[in-house]
Student: 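Structure below; questions to follow.
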Amino acid sequence: MTTQSEQALENNLIAQLQKMGYEKVDIPDENALLANLRATLAKHNNATFSDVEFKQVMNYLNKS
């Protein structure tokens with residue numbers, strides 16, 4: 001059985017996901033992470049979330 005470094009594993013996974021049409025995004029901080037989460041949820045649910053609705057989503061996730 002061969003082994004690979006964690007970095008090589010991550011690079012291979014990213015390459016596979018990009019071949020499937022996913023885009024790599026840079027997320028430098030928590031605000032960018034939350035903005036990306038909100039946009040992704042909106043995209044996949046074909047909806048937009050008000051600030052109050054997104055806060056409810058975050059409250060639910062934080063309690064889980």
Side-chain angles (χ1 to χ4, degrees):
M1 182 172 164
T2 61
T3 61
Q4 62 183 345
S5 69
E6 184 176 352
Q7 187 64 53
L9 176 68
E10 289 177 12
N11 291 341
N12 289 334
L13 176 60
I14 290 168
Q16 284 182 329
L17 290 170
Q18 287 176 323
K19 286 179 186 175
M20 295 170 60
Y22 290 91
E23 295 178 24
K24 184 176 179 181
V25 296
D26 291 319
I27 301 178
D29 57 31
E30 185 177 1
N31 288 335
L33 176 69
L34 293 175
N36 181 267
L37 173 62
R38 186 175 185 163
T40 302
L41 287 173
K43 177 182 174 182
H44 289 286
N45 288 287
N46 197 27
T48 56
F49 296 98
S50 68
D51 291 341
V52 171
E53 290 169 328
F54 188 68
K55 187 175 180 178
Q56 289 173 336
V57 169
M58 292 307 300
N59 285 336
Y60 178 81
L61 291 174
N62 286 327
K63 290 180 183 178
S64 297

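Basis for what follows: all heavy atoms, side chains included, without hydrogens, waters or symmetry-related copies. Along the sequence shown, residues are numbered consecutively beginning with 1.
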Student: Could you give me the CA-CA distance, side-chain angles and deciding distance for Q16 and N12, then say whether side chain to side chain donor-acceptor pair (under 3.5 Å) is met?
Tutor: CA-CA 6 Å; Q16 284 182 329; N12 289 334; over 6 Å; no
Student: If hydrophobic clusters are built from ILVMFWY residues whose side chains come within less than 4.5 Å, do L61 and F54 share one?
Tutor: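 Yes; tracing contacts between hydrophobic side chains, which count when under 4.5 Å, links both residues.
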Student: In terms of hydrophobic clusters joined by side-chain contacts under 4.5 Å, are M20 and L13 together?
Tutor: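 Same hydrophobic cluster.
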Student: Tell me, yes or no, whether the heavy-atom count around E6 atom CD, taken from other residues, nucleotides or ligands under 6.0 Å, exceeds 12.
Tutor: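 Not more than 12 within 6.0 Å, no.
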Student: Under 3.5 Å, side-chain donor or acceptor atoms of residues 27-41 against the rest of the protein: list the pairs with distances, not counting sequence neighbours.
Tutor:
residue : atom : partner : partner atom : Å
D29     : OD1  : N31     : N            : 3.2
D29     : OD1  : A32     : N            : 2.8
R38     : NH1  : D51     : OD1          : 3.1
R38     : NH2  : F49     : O            : 2.5
R38     : NH2  : S50     : O            : 3.3
R38     : NH2  : D51     : OD1          : 3.0
T40     : OG1  : N36     : O            : 2.8

Student: How long is the gap from NZ on K24 to CD on Q18, to the nearest 0.5 Å?
Tutor: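 Spacing of NZ (K24) from CD (Q18) equals 6.5 Å.
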